[in-house]
Number of protein chains: 2
Amino acid sequence: MEGREFKDAVFEQFARVASAFASPKRLEIVDLLAQGPRSVESIAAQTSMTVSATSRHLQVLRNAGLVTSSRDAQRVVYRVADLSVVAAYRALREAAEARIAEVRQLAEAFFGEVDGAEPLGVEELLERSGRGDVIVVDVRPAEEFAAGHIAGAVSMPLADLTERIADLPSDATVVAYCRGPYCVLSAEAVRRLRAAGVAAQRVEAGIDDWRRAGRSLEFGAA
Amino acid sequence: MEGREFKDAVFEQFARVASAFASPKRLEIVDLLAQGPRSVESIAAQTSMTVSATSRHLQVLRNAGLVTSSRDAQRVVYRVADLSVVAAYRALREAAEARIAEVRQLAEAFFGEVDGAEPLGVEELLERSGRGDVIVVDVRPAEEFAAGHIAGAVSMPLADLTERIADLPSDATVVAYCRGPYCVLSAEAVRRLRAAGVAAQRVEAGIDDWRRAGRSLEFGAA
DNA sequence: CTCGTAATCACGCGAATACGTGAATAGGAT
DNA sequence: ATCCTATTCACGTATTCGCGTGATTACGAG
């Protein structure tokens with residue numbers, strides 16, 4: 001095989017992977033699956049798609065080797081194939097952040113009022129939880145909490161948050177995290193906590209940032 | 001703006017970036033530009049495309065914010081917008097390597113005979129050049145050498161290699177590098193060097209790996 | 001000013017993709 | 001065996017993309 005043929009063949013394969021990422025809905029699916037395995041139906045619900053469209057997108061991702069599926073009784077469960085996939089998603093996201101002004105504008109518009117100056121990063125989170133003066137709350141669905149969460153965090157899914165605010169010490173300071181920098185759950189949680197008079201802040205990091213920082217995860221239900 | 005709208009808008013932007021990467025030819029262009037700035041015509045020549053097709057691809061990349069252009073007399077020179085773009089390209093490549101069997105097969109078929117067991121990585125290269133028992137040769141075009149090369153390397157573009165083999169000490173051991181793991185230049189160089197009786201090995205790392213490893217670069221012509 | 005070179009634009013064809021709707025299939029549960 | 005649920009497949013249409021050809025614009029040299 002000559003140089004040009006080889007190049008064409010290799011870049012063709014790279015493009016297969018990039019094409020699989022090249023759809024907003026598929027990126028959203030990868031973002032979700034980075035939190036843990038999920039069934040088609042539950043992915044469809046989370047992403048506001050029909051089951052059929054979701055299934056099709058998942059097949060595209062599977063053909064590109066980015067996700068794998070396995071059967072669990074009636075359900076087909078999808079998961080990311082390995083961490084290189086999450087890393088590629090993250091790198092794309094970071095390039096978009098750096099290069100596309102709209103991304104920064106959107107984030108500022110949506111998170112600006114909640115975050116005030118800056119949301120917490122992994123380091124600040126560690127520091128503050130090390131001092132023991134904050135409660136770290138995971139506001140993702142219980143399913144995702146069970147699939148891996150920050151060591152020491154309390155599960156308080158957004159859906160149940162309102163009724164569970166009463167469980168918190170009234171003088172508590174809460175830091176809420178969810179799926180990552182563009183996940184809306186923690187922002188909404190912070191709004192509701194503050195409305196209830198609880199001091200609260202959003203953490204920008206998600207479970208993948210935590211893992212990448214080499215910090216320990218815990219598994220299983222609360 | 002509600003959660004769903006925000007998500008849709010944000011992932012739409014991420015997909016813009018991914019779509020720009022989702023073409024073999026554009027990936028090849030990014031690979032090239034990661035070596036240094038280039039004019040449209042020279043990109044067209046390197047990638048076996050017409051100038052017109054190249055120009056169009058470059059515009060797609062520019063619309064996605066991945067490259068920038070500036071005029072230099074008659075020429076328009078393109079360059080990668082920043083290192084997050086190279087990082088994203090690298091992450092995509094690594095995901096493809098990890099997940100697509102064809103990539104490994106192609107690489108094995110093309111590089112297998114040249115590399116023997118394993119090509120050198122950044123670490124081995126450092127170690128061996130530290131011992132001073134090898135000559136590090138950069139076989140990329142002189143233009144790319146000038147735009148940044150491994151400190152201490154000798155420029156010997158593939159095109160001139162045959163006539164310059166005589167300049168090498170006959171007992172030399174050469175390690176050749178080029179643009180990165182899928183660049184064919186160093187493989188071809190190693191074949192020719194060995195055919196001329198010179199001990200030679202290929203380095204898999206390219207200039208971007210070297211930079212990421214925090215090693216120093218040199219600039220300017222040989 | 002005119003010429004030549006570099007780059008971009010305009011048009012058009014064929015291929016690939018997205019997505020909705022509804023039918024078909026695969027496993028368990030009864 | 002039959003029903004139910006979760007998932008996948010098939011089909012049709014609208015849209016987008018890739019790329020070649022040839023015209024057009026931008027700039028500098030003579």
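Protein chains get the first letters and strands the later ones, always in sequence-line order, with residue 1 at the start of each.
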(message) Considering every strand and a 4.0 Å limit on heavy-atom distances, what is the contact class for B:Ser23: base, sugar-phosphate, or nothing?
(response)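 Sugar-phosphate: the residue B:Ser23, judged by heavy atoms under 4.0 Å, touches backbone atoms but no base.
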(request) Give B:Ser39 one of three labels, base, sugar-phosphate or nothing, depending on what nucleic acid heavy atoms sit under 4.0 Å from its own. (result)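 Since only primed, P, OP1 and OP2 atoms lie under 4.0 Å of B:Ser39, the category is sugar-phosphate.
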(message) Whether the side chain of A:Ser52 and the base of D:dC9 hold a donor-acceptor pair under 3.5 Å is what I'd like checked.
(response)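 Result: at least one qualifying N/O pair found.
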Please tell me which of the listed nucleotides, [options], lies nearest to the side chain of [X]?
X: B:Val76; options: D:dG20, D:dT7, C:dT8; result: C:dT8
X: A:Val51; options: C:dA6, D:dA6, D:dT8; result: D:dT8
X: B:Ser55; options: C:dA18, C:dA7, D:dA6; result: C:dA7

If you measure from the Lys or Arg side-chain nitrogens to the Asp or Glu carboxylate oxygens, is any gap between [X] and [Y] under 4.0 Å?
X: B:Arg16; Y: B:Glu12; result: no
X: A:Arg90; Y: B:Glu94; result: no
X: B:Asp8; Y: A:Lys25; result: yes

Calculate the interatomic distance between [X] atom [atom1] and [N] atom [atom2]; express it in whole Å.
X: A:Arg71; N: C:dT25; atom1: CZ; atom2: P; answer: 14 Å
X: A:Leu61; N: D:dT7; atom1: CG; atom2: P; answer: 16 Å
X: B:Leu58; N: D:dG18; atom1: CG; atom2: C1'; answer: 15 Å
X: A:Asp72; N: C:dA29; atom1: CG; atom2: P; answer: 11 Å
X: B:Arg75; N: D:dA29; atom1: CZ; atom2: C1'; answer: 14 Å
X: B:Ile29; N: D:dG18; atom1: CD1; atom2: C1'; answer: 13 Å
X: A:Met49; N: D:dT8; atom1: CE; atom2: C1'; answer: 15 Å

(request) Please figure out whether A:Arg56 or A:Arg62 has its closest DNA chain D nucleotide nearer the 5' end. (result) A:Arg62
It should be established whether [X] places a side-chain nitrogen or oxygen under 4.0 Å from OP1 or OP2 of nucleotide [N].
X: A:Tyr78; N: D:dA6; result: no
X: A:Gln59; N: D:dC9; result: yes
X: B:His57; N: D:dC17; result: no
X: A:Arg26; N: C:dA18; result: yes

(request) Would you mind reporting whether B:His149 and B:Tyr177 have side-chain heavy atoms less than 4.5 Å apart? (result) yes
(message) Do A:Tyr182 and B:Phe14 have side chains that approach each other closer than 4.5 Å (heavy atoms only, starting at C-beta)?
(response)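 Heavy-atom side-chain distance check passes, below 4.5 Å.
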(request) Could you pick out which residue, A:Gln74 or A:Lys25, lies toward the 5' side of DNA chain C when each is mapped onto its nearest nucleotide? (result)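 Its nucleotide being nearer the 5' end, the pick is A:Lys25.
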